[in-house]
Amino acid sequence: MSNRVALVTGGAQGIGKGIATALGADGFRVAVADLNLAVAEETAKAISAAGGEAIAVEVDVTSTESVQAAVATIQHELGPIEVVVNNAGWDDFMPFVKTTPEFWDKILDVNFKGALRVIHAVVPGMAERGFGRVINIGSDAGRVGSSMEAVYSGAKGGIIAFTKTLAREVAGKGITANTVCPGPTDTPALRKFADGAGGGDAEKVIAGMTRAVPMKRLGTPEDIGPAVAFFASDGAGFVTGQTLSVSGGLTMA
Ligand SMILES: NC(=O)c1ccc[n+]([C@@H]2O[C@H](COP(=O)([O-])OP(=O)(O)OC[C@H]3O[C@@H](n4cnc5c(N)ncnc54)[C@H](O)[C@@H]3O)[C@@H](O)[C@H]2O)c1
């Protein structure tokens, strides 16, 4: 069991909740940081009720001030942040030619620069203390592409490349940096997409996604959490710059 402090952005629901729950079960003291404080509080309560330790913190990863304030709150309440999981993400689904520059800015601000802001705020402290684990949530879309998600795929590909470079820069400081790439995973975000793409028939869209997965099912947040917990563990100290797909065999590259 670990007693370390872990920050999970977008930890209120979906994959982030699965990650926060897995870390809580492994003994990490978890900060569930999210735009939606009310749902983050429910998640933190559920982790505590299961015997873990968690707090909820409001954060908007598109705001540097908000990220800095959240980091200060977490360090005050739980102590120095030793593990950071950049999970907060957002997408809308449309062909690239229908997207606008405003849309590109929003996608990059949440999915790419959001992680940069958080890492910029926590990595100097990790380096001073000589220990840190950075885990970024990418996507198989960032490895192999995904129709209707061109800008998002670019942001996630950027996260994968950024993580490798960060891993090189901080390797001498006791800090690792790795990317976990979910494939299609059953979360509120995926349900919203499936509803829109299927004209109300979400199950038809989900059946199509499922057919493409060798294991013939969608991922769940409970599938992703343990992969992140591995990279967060003390035992993973010699593993850095890696990209791990958790997608039932969908992407084997
Ligand atoms: N669901 C999938 O199929 C899938 C596949 C590959 C990768 N991912 C990635 O996994 C991560 C989680 O996705 P999900 O499906 O659980 O999404 P979700 O929409 O169900 O949950 C995302 C969470 O992030 C929070 N969030 C959004 N914008 C934020 C911001 N600016 N600041 C702070 N919090 C914010 C939301 O409030 C929400 O709680 C994302 O990075 C996503 O790109 C998801």
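Counting starts at 1 for both ligands and their atoms, following the listed order. These values consider heavy atoms only, across backbone and side chains, with no hydrogens, waters or symmetry-generated copies.
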Element-labelled atoms of ligand 1 that are located less than 4.0 Å from some non-hydrogen atom of [X]:
X      : value
Ser139 : 6 (C), 7 (C)
Asn87  : 10 (O), 11 (C), 12 (C), 40 (C), 41 (O)
Gly14  : 16 (O)

Ion pair [X]/[Y], N-O distance below 4.0 Å:
X      : Y      : value
Lys192 : Asp92  : no
Asp234 : Arg4   : yes
Arg191 : Glu203 : yes

*If you measure from each non-hydrogen atom of Ala189 to ligand 1, which part falls under 4.0 Å: side chain, backbone, both or neither?*
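Contact part for Ala189 vs ligand 1: both backbone and side chain.
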*Is Leu35 touching ligand 1 with its side chain, its backbone, both, or neither, if touching means heavy atoms under 4.0 Å apart?*
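Looking at Leu35 and ligand 1, atoms from backbone and side chain both fall under 4.0 Å.
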*Polar atom proximity, Lys156 to ligand 1 (N or O, under 3.5 Å)*: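 Such a contact does occur with ligand 1.
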*N/O to N/O below 3.5 Å, does that happen between Tyr152 and ligand 1?*
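N/O-N/O distance below 3.5 Å exists for this pair.
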Identify the closest protein heavy atom to [atom]: which residue and atom is it, and at what distance?
atom                    : result
atom 21 (O) of ligand 1 : Gln13 NE2, 3.4 Å
atom 35 (C) of ligand 1 : Ala88 CB, 3.7 Å
atom 3 (O) of ligand 1  : Thr185 N, 2.8 Å

*asked:* Nearest non-hydrogen contact with atom 37 (O) of ligand 1 belongs to which option: Val8, Asp91, Val61, Asp34?
replied: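 When every heavy atom of Val8, Asp91, Val61, Asp34 is considered, Asp34 comes closest to atom 37 (O) of ligand 1.
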*Have Thr251 and Asp140 got a donor and an acceptor in their side chains that come within less than 3.5 Å?*
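Short answer, yes.
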_Pair Ser63-Asp60, side-chain donor/acceptor within less than 3.5 Å_ =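 Checked: Ser63/Asp60 side chains show no N/O donor-acceptor pair below 3.5 Å.
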_Which residues pass the ring-ring contact (aromatic ring centres under 6.0 Å, His included) test with Phe162, not counting sequence neighbours?_
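Partners of Phe162 by the ring-ring contact (aromatic ring centres under 6.0 Å, His included) criterion come out as none, since no residue qualifies.
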_I'd like to know if Ser66 contacts ligand 1, where contact means a heavy-atom distance under 4.0 Å to any ligand atom._
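Flag not set, Ser66 not near ligand 1.
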*Between Asn3 and Phe28, is any pair of side-chain heavy atoms under 4.5 Å apart?*
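When only atoms from C-beta onward are counted, Phe28 and Asn3 do not touch, as no gap falls below 4.5 Å.
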*asked:* Asp109 vs Arg117, test: salt bridge (charged side-chain N to carboxylate O under 4.0 Å, His left out). Steps then yes/no.
replied: CA-CA 10 Å; Asp109 216 13; Arg117 287 186 187 91; 2.7 Å; yes
